[in-house]
Amino acid sequence: MLELKHVSFSVEDDQGPREILTDMNLRIDDKKFVVITGPNGGGKSTLAKLIAGIEKPTSGNIFFDGKDITDWSITERARAGISYAFQQPVRFKGITVNDLMRIAAGNEALSTNGVCQYLSEVGLCAADYVQREVDASLSGGELKRIEIATLIARKATKMALFDEPEAGIDLWSFHKLIHVFEKMHKQQRSILIISHQERILNIADEIILIADGRLRQTGTKESILPGLMEVAGKCDLFKEAEK
Ligand SMILES: Nc1ncnc2c1ncn2[C@@H]1O[C@H](COP(=O)(O)OP(=O)(O)O)[C@@H](O)[C@H]1O
Ligand SMILES: [Mg+2]
């Protein structure tokens, strides 16, 4: 179980201190499929980075499986089972897709065949990719899918955190990805996805709406989704996804 208690996050910019997230209180139970949504700039990616340990809260605490992980590093959190996929995945010059998948799986001896199986789950024609470098020559959508494949391969994952996995991915591949998330969920993992996609919102157990750095609504899909469309009309919630 993941819990956030009174988590706030501020940055210092030209105009002085600015609060990006304000007093977030949140509980995500084990094995839940939770979707975080809300307008651009609302603080969703910041929240994901706080959970993954890329940023540290200015105040408040984060708990995972009952332990206070607020001061834990990214690596310590990854070891505890929190896996994170960036909105804009990182490129690694000099590292091949094969290398990356083996590191993710924690198995240097993982066969090319094994790597290929993970890649085909995210709709990549694996043989074309295994020897490629994870660098600028890959498209955004390819990179995104490779990153998702690394989360599938990471057996220690208890909670998988995806930041807008739909970004840059064509509709056909996206349909495949929905199955990937459902399968991970069936494997008893908690799934936390930041998304604007109706298809993803539709398979959520719970939906969290974040706007202007605050948690605005949280509850079951059935209780949130009908009203969410109304809110969406007001704050252009789905504009980005339609682009
Ligand atoms: N490190 C930072 N320094 C300054 N501003 C930031 C930083 N991180 C996020 N922000 C700002 O915080 C707001 C929320 O950003 P973000 O979490 O990326 O929103 P979302 O993912 O919901 O679109 C934005 O206005 C963004 O520019
Ligand atoms: Mg974002």
Side-chain angles (χ1 to χ4, degrees), residues 2 4-26 28 33-62 70-74 77 82-91 139-141 143-148 150-151 159-169 174 177 181 191-201 204 206-219 224-225 227-229 231-243:
L2 178 82
L4 271 72
K5 287 190 179 162
H6 303 293
V7 167
S8 296
F9 180 72
S10 304
V11 292
E12 214 31 80
D13 60 18
D14 308 343
Q15 281 111 50
R18 188 157 69 95
E19 196 151 75
I20 309 286
L21 288 177
T22 307
D23 196 29
M24 286 264 166
N25 291 291
L26 196 64
I28 293 165
F33 195 118
V34 179
V35 178
I36 300 176
T37 196
N40 288 330
K44 302 180 300 298
S45 291
T46 305
L47 176 66
K49 286 176 190 160
L50 287 170
I51 295 170
I54 292 159
E55 301 277 13
K56 294 282 156 70
T58 315
S59 60
N61 293 79
I62 302 175
T70 317
D71 295 322
W72 289 21
S73 67
I74 300 170
R77 293 181 203 209
I82 300 175
S83 294
Y84 168 63
F86 284 87
Q87 181 165 3
Q88 262 123 21
V90 185
R91 296 173 191 270
S139 77
L143 202 58
K144 199 100 190 177
R145 282 187 275 169
I146 290 165
E147 194 183 35
I148 293 167
T150 64
L151 260 70
M159 170 172 280
L161 187 52
F162 299 95
D163 194 350
E164 296 194 26
E166 66 263 29
I169 294 185
F174 187 69
L177 283 185
F181 301 136
I191 312 284
L192 190 56
I193 305 187
I194 296 170
S195 178
H196 303 287
Q197 272 288 330
E198 233 182 303
R199 282 184 65 108
I200 293 189
L201 288 164
E206 286 172 22
I207 295 174
I208 294 168
L209 176 66
I210 289 176
D212 300 326
R214 288 176 189 271
L215 199 144
R216 299 290 174 182
Q217 276 183 313
T218 169
I224 301 285
L225 203 52
L228 190 65
M229 294 305 162
V231 180
K234 284 181 194 140
C235 60
D236 294 333
L237 191 58
F238 298 99
K239 252 194 182 153
E240 195 184 54
E242 284 161 7
K243 264 186 214 158

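Since this is a predicted model, take the numbers as computed values, not measurements. All ligand and atom numbering here is 1-based and tracks the order in the structure.
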inquiry  = Has Arg77 got a side-chain atom pairing as donor or acceptor with Ile82's backbone, closer than 3.5 angstrom?
reply    = no

ask   = CG of Leu26 to NZ of Lys5: how many Å apart, nearest 0.5 Å?
value = 12.0 Å

ask   = Closer than 2.8 Å to the Mg ion (ligand 2), which protein N, O or S atoms?
value = Ser45 OG, Gln87 OE1

key: For Ile74 against Gly53, the heavy-atom pair lying closest together   = CG1-O, 3.4 Å

ask   = Do other residues, nucleotides or ligands put more than 12 heavy atoms under 6.0 Å from the CZ atom of Arg214?
value = no

key: Flag, side chain of Lys144 to backbone of Ser139, donor-acceptor distance under 3.5 Å   = no

request  = Verify, without hydrogens or angle tests, whether Glu147 (side chain) and Phe86 (backbone) share a donor-acceptor contact under 3.5 angstrom.
outcome  = yes

message = What does the 4.0 Å heavy-atom contact list look like for ligand 1?
response = Val11, Arg18, Ile20, Pro39, Asn40, Gly41, Gly42, Gly43, Lys44, Ser45, Thr46

task = Please test Thr46 against Glu55 for side chain to side chain donor-acceptor pair (under 3.5 Å), starting from the C-alpha separation and ending with a verdict.
result = CA-CA 8 Å; Thr46 305; Glu55 301 277 13; over 6 Å; no

inquiry  = Donor-acceptor check, side chain of Ser8 to backbone of Asp23, threshold 3.5 angstrom: yes or no?
reply    = yes

key: Test item: Gln217 side-chain N/O and Ile224 main-chain N/O as donor-acceptor pair under 3.5 Å   = no

